[in-house]
Amino acid sequence: MKNKLQKLKDEILEQLNQVKSSELLLEIENQYLSRKGRLGELMKEIKDLSADAKKEVGQIANETKNEIMKRYEEVKQKFEMGRNKNAFTDVTLPGKNLAAGHIHPITLIQKELEDLFTSLGFILLDGPELESDYYNFEALNVSKNHPARDMQDTFYVDKKNPAGEYDLVMRTQTSPVQVRALEKYGAPLRGISVGRVFRSEATDVRHEHTFYQMEGLMVGENITFADMKGVLELVGKKLYGPKTELRMRPKFYPFVEPGSNGEYTCFLCHGKGCRVCKHSGWLEIVGCGLIHPDVLRAGGVDPKKYTGFAFGFGLNRLVMLKYGIDDIRLFNGGDLRFLEQF
Ligand code: DAH
């Protein structure tokens with residue numbers, strides 16, 4: 001029995017040493033090592049031996065089997081590694097991209113403008129979207145029955161404030177941040193604020209109940225209209241390129257005096273006239289002016305000592321012009337086919 005085991009072991013190891021392919025290895029496995037293979041059959045004979053012999057031969061048989069299996073595993077591994085070596089792995093291929101989200105086009109332009117203004121020493125200001133009638137209108141020179149209220153259709157909120165009055169509105173503009181900021185920081189002050197504003201509008205391609213504005217103000221000693229023009233000219237060049245020009249035309253806003261509309265040369269036709277600028281060569285972008293003394297006073301700033309300018313514009317319109325977007329409702333629509341383009 002011991003001899004038989006030794007002979008079979010020699011035979012199998014010899015075969016394993018010579019095997020040339022994984023197919024042939026499989027054959028060896030079937031012939032010798034599987035349950036009905038020759039090694040298994042031989043080991044079954046052990047049970048017929050006498051008790052003493054069984055013990056001795058059983059041990060030798062186990063050792064023999066372990067030795068064979070060890071060699072078998074080594075050979076098998078060699079073939080598997082060989083197979084991987086042949087499989088071509090192109091390590092220069094780009095990895096699988098995880099689908100990342102997109103920055104909303106409004107946020108893109110917001111970041112661009114915030115970069116410009118912070119580089120000019122402006123700080124970033126914030127104010128509440130649910131605003132009091134006082135900050136949204138009264139402190140900005142728009143009293144209850146002032147006709148200027150009609151310029152902005154307002155969502156009046158059917159809820160009392162902590163003092164028990166109905167005086168809350170969804171802010172219609174970012175201008176209330178002016179008074180809040182002056183109260184908080186005093187003069188001199190340079191700041192901008194970007195945020196959502198709300199108007200009770202019937203929506204269509206150009207009107208939306210929720211949109212974005214940016215507000216800015218600069219208050220200090222001897223701040224003039226010329227300073228405002230300088231800053232707004234920079235904004236135009238940042239938005240539409242270095243050749244962009246600014247022109248000012250008078251416009252009434254209750255919280256500035258004088259008030260003005262800032263218009264930039266059209267980025268598409270450079271002033272010649274085209275579809276984007278409705279053939280005028282100019283794009284009306286920004287409302288601005290020198291801050292009204294009443295507004296400075298409301299913010300706790302002495303208008304005899306300090307002057308300042310303020311400006312505000314809608315970000316949606318800027319983005320629409322820049323990318324040729326023809327429906328303002330896309331901004332809040334959440335349609336990925338729109339959002340994935342930026
Ligand atoms: N708040 C104005 C609006 O919503 C825009 C505006 C005009 C802001 C003139 C200003 C300003 O700060 O000086 O139409």
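Atoms within a ligand are numbered from 1 in the order they appear, just like the ligands themselves.
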Does the side chain of [X] come under 3.5 Å of the side chain of [Y] through a donor N or O and an acceptor N or O?
X	Y	result
Glu183	Tyr135	yes
Glu284	Asn261	yes
Glu208	Thr203	no

Dump the pairs for me: ligand 1 N or O, protein N or O, distance under 3.5 Å, to 0.1 Å.
residue: ligand 1; atom: 1 (N); partner: Gln173; partner atom: OE1; Å: 2.7
residue: ligand 1; atom: 1 (N); partner: Ser175; partner atom: OG; Å: 2.9
residue: ligand 1; atom: 4 (O); partner: Arg199; partner atom: NH2; Å: 3.0
residue: ligand 1; atom: 4 (O); partner: Gln213; partner atom: NE2; Å: 2.9
residue: ligand 1; atom: 12 (O); partner: Gln178; partner atom: NE2; Å: 3.1
residue: ligand 1; atom: 12 (O); partner: Glu215; partner atom: OE2; Å: 2.7
residue: ligand 1; atom: 12 (O); partner: Phe311; partner atom: N; Å: 3.3
residue: ligand 1; atom: 12 (O); partner: Phe311; partner atom: O; Å: 3.4
residue: ligand 1; atom: 13 (O); partner: Ala310; partner atom: O; Å: 3.2

Identified side-chain contact (heavy atoms from CB on, under 4.5 Å) counterpart of Phe137 within the set Arg171, Gln152, Glu131: Gln152
Residues in side chain to side chain donor-acceptor pair (under 3.5 Å) contact with Asp204, at least two apart in sequence or another chain: His207
Passing option when Phe311 is tested against Phe117, Phe255, Phe225, Tyr253 for ring pair (Phe, Tyr, Trp, His ring centres under 6.0 Å): Phe117
